[in-house]
Amino acid sequence: MTLAAPWLLILLPLPLVLLRLLPPRRVGAGALCLPPAIAAAFRTAEAAPVRRHARLIALGVAWIALVAALAGPRQERVLDIVPASGRDIVLALDLSGSMEREDFSMNGQTVSRLAAVQGVAADFVRGRAGDRVGLVVFGDRAYVAASPTHDVTSVAQVIDGLQIGVSGKATAIADGLGLAIRRLRERDARSRVILLLSDGQDTTGMVDPVAAAQAARNLGMRVYTIALGPADLADDPKARDAVDAETLRRIAEAAGGETFRVRTTDDLQAVTAAIDQLEPSLAAMPPVRTWRSYWPWLAALAALCLGVAMFLHARETA
């Protein structure tokens, strides 16, 4: 708690100084003099002095409150307000059946690919304060799980609640990428980014995903791809649930982005850190500092006390 103008507190003893310096007020003599016994019947002996003292107390409190209000009591507040970055990001996540495979380690436990992605992706989204983030998921077909919004916490909650099977068990990479492009095409953000994560190869899409990536680049979008899984299709074509890392690389290259190869949870966390560097967020900006003023409360107290003093004065002179 601080004061905006603490020097104004020197006004507090001003009424006492004026009483000391100014000459006393002369009280005129009454037009009619009555004997004391008769005059006592026209006034109450105790009520007038009590009201007079109460009025002086009310005036004193009013003056103290008024000076304190002028001094400007205030309290500093720190607001974690992050301005909009003008950047739109859409995550396109693979929810095909292969994401159920438990070949990732997290906190000393073996977890599914989806669980590993959920933990890291949700943390990544929560750290994108100031960005507008959306979510597209795809399997046999693609659909929008969360429209682009500044409420990154709600998008992270959607990611935490994803389940395999809601969009089919196949892998329609081109459909997921195409839907993400359509969602970003409606936006006029100065920066539009797609993060495409898949652990398989395109099996059901009717459109070439590389051609879709080229269209994204023509629209001013960048696409970053994440190839998730222990085996590459190019190195081991017969491996179960091998990821088509080469196609994902070509998608990123066609859209002016970068591709990342993820085989472990540590790799996945390193990818999100790298993307944070490539697409910096405003979350690290210093918070906004402001003040909460309390002078209106003191001014209201001063007005109330003045009203009480005026009421008591009216009773005295009635």
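Numbering of residues begins at 1 and proceeds along the displayed sequence.
- In this structure, Ile89 CD1 and Arg222 CZ are separated by 9.0 Å, a value rounded to the nearest 0.5 Å.
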Which donor-acceptor pairs under 3.5 Å do side chains of residues 294-309 form with protein atoms, sequence neighbours excluded?
unit_1 : atom_1 : unit_2 : atom_2 : d
Tyr294 : OH     : Gln75  : OE1    : 2.8

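- The shortest distance between side-chain heavy atoms of Glu76 and Thr2 does not fall below 4.5 Å.
- Identified under the salt bridge (Lys or Arg N to Asp or Glu O under 4.0 Å) test for residues 58-70, with sequence neighbours left out: none.
- With sequence neighbours excluded, the residues forming a side-chain contact (heavy atoms from CB on, under 4.5 Å) with Ala180 are Val90, Val136, Ile194, listed by chain and number.
- Using a 4.5 Å heavy-atom threshold, the side chains of Ile251 and Ile173 count as touching.
- Both Trp7 and Leu3 sit in one connected hydrophobic cluster of ILVMFWY residues. Membership requires side-chain heavy atoms under 4.5 Å apart, directly or through other members.
- Hydrophobic clustering, defined by side-chain heavy atoms of Ile, Leu, Val, Met, Phe, Trp and Tyr closer than 4.5 Å, leaves Leu16 isolated from every other such residue.
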Under 3.5 Å, which donor-acceptor pairs do the side chains of residues 115-127 form with other protein atoms, sequence neighbours left out?
unit_1 : atom_1 : unit_2 : atom_2 : d
Gln118 : NE2    : Ile159 : O      : 2.9
Gln118 : NE2    : Asp160 : O      : 3.2
Gln118 : NE2    : Leu162 : O      : 3.0
Asp123 : OD1    : Arg126 : NH1    : 3.4
Arg126 : NH2    : Asp160 : OD2    : 2.9

Side-chain donor-acceptor contacts of residues 56-66 below 3.5 Å, not counting sequence neighbours, with atom names and distances?
unit_1 : atom_1 : unit_2 : atom_2 : d
Trp63  : NE1    : Leu11  : O      : 3.3
Trp63  : NE1    : Leu12  : O      : 3.1

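- Taken to the nearest 0.5 Å, the CE atom of Met221 stands 9.5 Å off from the CG atom of Leu177.
- Hydrophobic clustering (ILVMFWY, side-chain heavy atoms < 4.5 Å, transitive): Leu312 and Met310 are in distinct clusters.
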I would like to know whether Leu228 and Leu197 meet side chain to side chain contact (heavy atoms under 4.5 Å, CB included); could you show each step before the answer? CA-CA 7 Å; Leu228 178 68; Leu197 186 148; 3.9 Å; yes
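- Residues forming a side-chain hydrogen bond (donor to acceptor under 3.5 Å, both in side chains) with Asp266 (at least two apart in sequence, or on another chain): none.
- Partners of Thr110 by side-chain hydrogen bond (donor to acceptor under 3.5 Å, both in side chains), not counting sequence neighbours: none found.
- Here the side chains of Phe138 and Leu95 are not in contact, with every heavy-atom distance at 4.5 Å or above.
- His150 contributes a side-chain N or O that, together with a main-chain N or O of Asp131, makes up a donor-acceptor pair within less than 3.5 Å.
- The shortest distance between side-chain heavy atoms of Asp244 and Arg250 does not fall below 4.5 Å.
- Listed by chain and number, the residues in a side-chain hydrogen bond (donor to acceptor under 3.5 Å, both in side chains) with Thr149 amount to none (sequence neighbours excluded).
- Glu253 meets the salt bridge (Lys or Arg N to Asp or Glu O under 4.0 Å) test with Arg249; sequence neighbours excluded.
- Criterion: ILVMFWY side-chain heavy atoms under 4.5 Å apart, direct or through other members. Under it, Leu70 and Leu18 are part of a common hydrophobic cluster.
- Under the rule for a side-chain hydrogen bond (donor to acceptor under 3.5 Å, both in side chains), Ser293 has no partner lying at least two apart in sequence or in another chain.
- Salt bridge present: Arg132 and Asp88 bring a charged side-chain N and a carboxylate O closer than 4.0 Å.
- Residues passing the side-chain contact (heavy atoms from CB on, under 4.5 Å) test with Arg182 are Leu179, Arg185, sequence neighbours excluded.
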